[in-house]
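We count residues from 1, following the sequence as given. Small disclaimer: the values here were computed from a predicted structure and weren't measured.
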Amino acid sequence: MLKATLRSFLAHKGRLLLSALAVLLSVAFVTGSLIFSDTVSRTFDRLFASTAADVTVSPKEELDEAVPSGRTATLPASLAERVRRVDGVAAARADVEVHGLTVVDEENEPVGPTTGAPTLGNAWNPNERSPVKLTSGHAPRGPAEALLDAETAGRKNVRIGDTLTVIAPPGSFRVRVVGIVTFTTTNPGSALIYFDTPTAQTKLLGRPGTATAIAVDAAEGVSDDRLKQRVAGALGPHTYDFRTAGEQAESDVEQLGGFLDVIKYVMLGFAGIAVLVGVFLIVNTFSMLIAQRTRELGLLRALGADRRQVRNSVLTEALLLGLVGSTLGFAAGIGLAAGLIGLMGLLGMNIDADEMEIGWVTPVAAYVVGLGVTFVAAYLPARRAAGVSPMAALSDAEVAGVGRPLRVRAVAGAVVGAAGAAALAGCAASRQTSSAASLLGLGVVLTLIATVIAGPLLVRPVIRVLGGAFPALFGPVGRMSQRNALRNPRRTGATAAALMVGIALVGGMSVASESMTASFDRQIDKTLGADFVIQNSNFQPFPREVTAKVRATDGVGLVVRGRFTPVAVRLPDGDRVETTAAGYDPRLDEVANITYARGDSAAAVAGGHLAMDRDFARDHGVRVGSTLPVRFPAGRSAELTVGALTDQDSAEGFGTQGGLFFGMGTLERYAPGGQDSALYVNAAPGTGDGELRANLEETLEPYPQVQVRDLADYKQLVRDQIAVLLYLVYALLGLAIIIAVLGVVNTLALSVVERTREIGLLRAIGLARRQLRRMIRLESVVIAVFGAVLGLVLGLVWGVCTQQVLALQGMTALAVPWLTIVLVVVGSAVVGVVAALLPALRASRMNVLAAIAHE
């Protein structure tokens, strides 16, 4: 049996090739994602471990910033002198590091990275742990000199002697580049600019004698933990945060972890789609091969092979397929990881591909996925093969029992479908976001499974409708193509399922994204009353001098500032909620249309007051007049009175739970040092919008990070943010389509082999080559469109239910992208035509007499 199995595998290796490609893609994405994330993680582990001081003293921060406030936490630089006197300290230095700078050249072109990585301003304080070394020029001396990292200088063509403008939180200033520093470790993609310590303190922090951290080096023989205890004891254990080198490196890795996780999970998403769609392809391939080998399997049974041996023979072929696909996929995954590392290099993150990390988990995962997918996919066909009777060797019959599984499918599909429909109905009826989202996920999984199970039951009614016009349009060829698609519903359903999965995904996400866009458009139309909004391109805060310049611009009548800060609120029901609150200037009503359930804007922004979303207040027992303890950054606290309750029906997210806002005076009193995130500007009487926009753009020309937006621009900005998610879904759809095309090609190719004698007879009675090719193409098209129809119906249901979940977050508009739906159906027909090209060509080239004699 082993010899027979190996010979059978080698005899059918061409037919199994496309299935092996599906396994290869699945394994490649799993392997590539694991290798890439492990390599990047190890690289940054080494970077942070090599550059972190033995002990780092930093300002104590109790609140996390979900939305940037532009505030830089500081501590006295004089602490370094106190720390130096602690027993076991070899050296201590005051460090200054400020994120979010903007540096421009003499043409007002940004010098920093454009990939989202920050531009960091630092005090030049070289030591053995510095990530850079001075390779040309000299150290900065005085407020007009700076160093720039070599990669940024090379990318932006900056040389020693060039003048740059640094736009820092306290204000802008000009410096001359007097030296170039080169990374001694991995460059995480940031741009680095260095100043002498007094300049960094005054120009970056705005306060002489301050620092962002104290770096402490241990004396020989003193452990980091012991030194941390001594330093904390000298300064007070609750006054600052104290971290050893290991703890600091771990904290830095956690901050970077979000970025790495996004890439990892995206890659695993691709792998999941490849696995899911590949299962359908492999099931179909083995089912068709077993059907075509009915006589062969029957002969083996007649010669004495029992059911177990036949079943194990088929499973062994599947495992051989999985082994080959996994091995090739593992190699392809290494190449994919190398490509991602190269892509990161283009984006400024220089990772050495020679130090690629391949842990033991990666090959294990690769072979578990590859072998597991093929084993699971081939198990049902293997059981069916084991049921072949020895008498099948005497006939041309396919595997017995083809009709029975459809009845089983009907019952199973109905049960699972009913459970999925109940979950989706519960999702639509739920009033809690968490429970609605859980029910949505359950409903999506169950309805997908139900559709896959019941797919063959839908083949005959749906394809009769989809192919109903074929006989009238294409005559007998059209009628035969429709009947060929109806001949084996299980095969047609499995082939179409691969395409259905991808289209269902894109259909659901298209509805969700279109609904989000429509909801935000409606909300912007409803609430935004300003002529223009001035914001940073990536929503980062900007220096206060921008606000001053805007106020002084000709034609500006009113400027209302918007600023954010993290807060923690103790509510009457005992909950402590950490969220982000906003601060606004008076006259808010003139630039925003806010609907209040109680109170008004004057009460909301009055000193010592705050406003809150009505539903949030109701859930936590808050009323107008309630006094709430509010915790601000740097340990500041206040008792604020609820002056107003809003009824905005607006989306929450990004840490803005509760819709809290108060006056700018309150914000500056309890959270000083922040920067404005938005300016809402109205034109002065007699100034047109076009004139004001031109004046504002001229004023802001030295600040390339800040844009002037009107209502339409603001809507487009939101659309662009949502589109990023949709592009990812389209990429997943593209992968699903590639594998689905492989599946259709495989099915048609095996179907042509199966119908060789039939095709020969058709050719003998007068069917032309062109007509034969058309018949196979039409069969492919109707199968692809069938999968598209199922996927779109499923996707529309998912999308509507997803919108119901979004509605709980304020995104109440439902929008269906009909153009996308039409394009998907048309694209599916094109996919069908493309997938049929090779099988149709092969069928048309058959020798008629040889085909008739085929057994």
> When rounded to the nearest 0.5 angstrom, what is the spacing between CG in Asn536 and CD in Gln675?
Replying inline: 9.5 Å
>> Looking at Glu109 and Lys156, is any side-chain nitrogen of the basic one under 4.0 Å from a carboxylate oxygen of the acidic one?
In response: no
> Just how far is it from atom CD of Gln705 to atom CG of Leu700, taken to the nearest 0.5 Å?
Replying inline: 9.0 Å
> Which heavy atom of Glu145 sits nearest a heavy atom of Phe195, and at what distance?
Replying inline: O-CD2, 3.9 Å
>> Given 3.5 Å as the limit, does a donor-acceptor pair link the side chain of Arg129 with the main chain of Ala52, or not?
In response: yes
> Above 12 or not: heavy atoms from other molecules or residues under 6.0 Å from CD of Glu698?
Replying inline: no
>> Under a 3.5 Å distance rule, please check whether Thr31 uses its side chain to pair with a backbone N or O of Ala28 as donor and acceptor.
In response: no
> Any side-chain heavy atom of Thr102 within less than 4.5 Å of one from Thr119?
Replying inline: no
>> How long is the straight-line distance from CG of Asp676 back to CD of Gln535, given to the nearest 0.5 Å?
In response: 11.5 Å
>> Could you check whether any side-chain N or O of Thr212 sits under 3.5 Å from a backbone N or O of Asp95, counting only pairs where one atom can act as donor and the other as acceptor?
In response: yes
> Does a side-chain heavy-atom distance below 4.5 Å link Asn122 with Leu192?
Replying inline: yes
> If you round to the nearest 0.5 Å, how far is CG of Leu147 from OG1 of Thr135?
Replying inline: 9.5 Å
> Do Phe36 and Leu336 touch side chain to side chain, with heavy atoms closer than 4.5 Å?
Replying inline: no
> Taking C-beta and beyond as the side chain, do Ser172 and Tyr703 meet within less than 4.5 Å on heavy atoms?
Replying inline: yes
> Hey, does Val104 have a side-chain heavy atom less than 4.5 Å from the side chain of Pro704?
Replying inline: yes
>> Checking Arg207 against Thr74 for the side chain to side chain donor-acceptor pair (under 3.5 Å) test, could you report, in this order, the C-alpha distance in whole Å, the side-chain angles of both residues, the deciding distance, and whether it holds?
In response: CA-CA 9 Å; Arg207 295 181 297 278; Thr74 61; 3.0 Å; yes
> Would a 4.5 Å heavy-atom cut-off, applied to side chains only, mark Tyr367 and Thr327 as touching?
Replying inline: yes
> Considering all heavy atoms of both residues, which atom of Ser136 and which atom of Ile160 are nearest to each other, and what is their separation?
Replying inline: OG-CD1, 3.7 Å
>> Against Val158, only a single residue in Leu148, Thr152, Ile180, Val103 fulfils side chain to side chain contact (heavy atoms under 4.5 Å, CB included); can you say which?
In response: Leu148
> For the residue pair Tyr194 and Trp124, does the interplanar ring angle fall in the parallel (under 30°), tilted (30 to 60°) or perpendicular (over 60°) class?
Replying inline: perpendicular
> Given the rule in the side chain to side chain donor-acceptor pair (under 3.5 Å) test, do Asp720 and Gln716 qualify, once you have shown the distances and angles that lead to the verdict?
Replying inline: CA-CA 6 Å; Asp720 291 342; Gln716 187 59 47; 2.9 Å; yes
>> With rounding to the nearest 0.5 angstrom, report the CG to CD distance, Asp241 to Gln248.
In response: 9.5 Å
>> Assess the residue pair Arg561 and Arg551 against the criterion (side chain to side chain contact (heavy atoms under 4.5 Å, CB included)); give the C-alpha distance rounded to whole Å, side-chain angles, the decisive distance to 0.1 Å, and a yes or no.
In response: CA-CA 11 Å; Arg561 298 171 294 166; Arg551 290 187 189 278; 3.5 Å; yes
> Taking it one step at a time, do Leu679 and Phe542 satisfy side chain to side chain contact (heavy atoms under 4.5 Å, CB included)?
Replying inline: CA-CA 10 Å; Leu679 301 177; Phe542 45 80; 3.7 Å; yes
>> Test your reading of the model: is there a side-chain donor-acceptor pair from Ser677 to the backbone of Arg563, 3.5 Å cut-off?
In response: no
> Can you find a heavy atom in the side chain of Pro566 that is under 4.5 Å from one in the side chain of Pro633?
Replying inline: yes
>> For a salt bridge (charged side-chain N to carboxylate O under 4.0 Å, His left out) check, start with the C-alpha distance between Glu697 and Arg693, then their side-chain angles and the critical distance, and finish with the verdict.
In response: CA-CA 6 Å; Glu697 289 177 346; Arg693 180 166 196 149; 3.2 Å; yes
>> Other residues, nucleotides and ligands only: do more than 12 of their heavy atoms fall within 6.0 Å of CZ on Arg159?
In response: no
> At their closest point, which heavy atom of Val55 faces which heavy atom of Asp224, and how far apart are they?
Replying inline: CG2-O, 3.7 Å
>> To the nearest 0.5 Å, what is the distance between CG on Leu235 and CG on Leu79?
In response: 5.5 Å
> Are more than 12 heavy atoms from other residues, nucleotides or ligands located less than 6.0 Å from atom CZ of Arg230?
Replying inline: yes
>> Could you report the tightest heavy-atom contact between Val83 and Ala92, atom names first, then the distance?
In response: CG1-CB, 3.8 Å
>> For Asp196 versus Gly142, what's the shortest heavy-atom pair and its separation?
In response: OD2-N, 2.7 Å
>> One pair to check against side chain to side chain contact (heavy atoms under 4.5 Å, CB included): Val216 and Lys228. What are the steps and the verdict?
In response: CA-CA 9 Å; Val216 187; Lys228 172 184 170 180; over 6 Å; no
>> Can you confirm whether Asp713 sits close enough to Val533 that some side-chain heavy atom of one is under 4.5 Å from a side-chain heavy atom of the other?
In response: no
>> Please determine whether side chain to side chain contact (heavy atoms under 4.5 Å, CB included) holds for the pair Lys203 and Val166, giving the CA-CA distance in whole Å, both sets of side-chain angles, and the decisive distance to 0.1 Å.
In response: CA-CA 9 Å; Lys203 299 291 189 178; Val166 181; over 6 Å; no
>> Can you give me the closest heavy-atom contact between Val175 and Ala146, atom names plus distance?
In response: CG2-CB, 3.8 Å
